[in-house]
Amino acid sequence: MDRKSVSVIMGSESDYDTMMCSEKILTELGIKHETLIISAHRTPERLYEYAKNVKDRGIKVIIAGAGGAAHLPGMVASLTSVPVLGVPITSAICGIDSLLSIVQMPKGTPVATLSIGKPGAQNAAIFAAKILAQNDQDVENKLTQWIERQRKSVKLKPEAH
Ligand code: RP5
């Protein structure tokens with residue numbers, strides 16, 4: 001499939017160090033994706049245009065990273081039926097603000113919220129792959145192989161023993 005199926009968005013270029021962890025896993029799984037900076041409070045028009053068109057462009061899952069007040073994932077989710085996976089970016093208060101902001105969406109506009117920082121960005125990509133795998137055998141196969149490699153990488157004992 002040539003079309004990009006996952007959109008990775010973030011509120012600032014400063015989020016990219018975290019969000020590149022999503023990109024890395026999507027690439028490993030052969031999932032075509034795009035990466036964009038969309039600030040909910042600095043570029044609201046860009047946010048609106050993006051969210052209104054994202055489904056028509058064939059995007060199946062959105063991974064949205066944001067820090068601080070972190071309203072990007074929720075705002076995008078309010079404008080599209082494409083599922084949004086939120087990644088709280090580490091902030092001045094360790095990302096607790098970002099986590100609570102994203103996870104505490106009021107009823108009616110859900111954002112599936114991952115853990116803070118790079119582990120969350122990685123898991124968001126794996127979760128996106130699991131969603132896509134429901135209708136894509138190639139993604140299912142690559143994901144199964146990826147999980148198997150992860151399983152094999154865990155040693156039984158620490159190196160020193
Ligand atoms: C949020 O504010 C971004 O998602 C970022 O995590 C945070 C800080 O942005 P910068 O001041 O680094 O641009 O909008």
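We use all heavy atoms of the structure for the numbers below, so side chains are in, but hydrogens, waters and symmetry mates are not. Just follow the structure's listing: the first ligand is 1, and inside any ligand the first atom is 1. Sequential numbering from 1 along the given sequence is applied to the chain's residues. It should be emphasised that the depicted structure is a prediction, and the values quoted were computed from it without experimental measurement.
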**OP:** Apply side chain to side chain contact (heavy atoms under 4.5 Å, CB included) to Val8 and Leu36, showing your working.
**Re:** CA-CA 6 Å; Val8 179; Leu36 301 167; over 6 Å; no
**OP:** Report the C-alpha separation of Gln137 and Asn141 in whole Å, then their side-chain angles, then the decisive distance to 0.1 Å, and conclude whether the side-chain hydrogen bond (donor to acceptor under 3.5 Å, both in side chains) test is met.
**Re:** CA-CA 6 Å; Gln137 191 59 46; Asn141 295 343; 2.9 Å; yes
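Residue contact check: Ser14 has heavy atoms under 4.0 Å from atoms 9 (O), 10 (P), 12 (O) of ligand 1. Contact atoms of ligand 1 toward Ala66: 4 (O) (distance under 4.0 Å to a heavy atom of the residue). Close contacts of ligand 1 with His41, meaning ligand atoms under 4.0 Å from a residue heavy atom, involve 14 (O). Ligand-side atoms of ligand 1 in range of Arg42: 9 (O), 10 (P), 11 (O), 13 (O), 14 (O), range being under 4.0 angstrom from any heavy atom. Below 4.0 Å from some heavy atom of Gly11 lie the following atoms of ligand 1, by number and element: 3 (C), 4 (O).
Protein heavy atom nearest atom 6 (O) of ligand 1, with residue, atom name and distance: Asp15 OD1, 2.6 Å. The nearest heavy-atom contact from the protein to atom 13 (O) of ligand 1 is Ser12 OG, 2.6 Å. With respect to atom 7 (C) of ligand 1, the closest heavy atom belonging to the protein is Gly67 O, 4.2 Å.
Between Glu23 and Tyr16, some side-chain heavy-atom pair lies under the 4.5 Å cut-off. Met20 is not listed as a side-chain neighbour of Thr35, based on a closest heavy-atom distance of 4.5 Å or more.
The pair Glu49-Arg46 does not meet the salt-bridge criterion, since no charged nitrogen lies less than 4.0 angstrom from a carboxylate oxygen. Salt bridge annotation for Glu34-Arg57: present, with a cationic side-chain nitrogen under 4.0 angstrom from a carboxylate oxygen.
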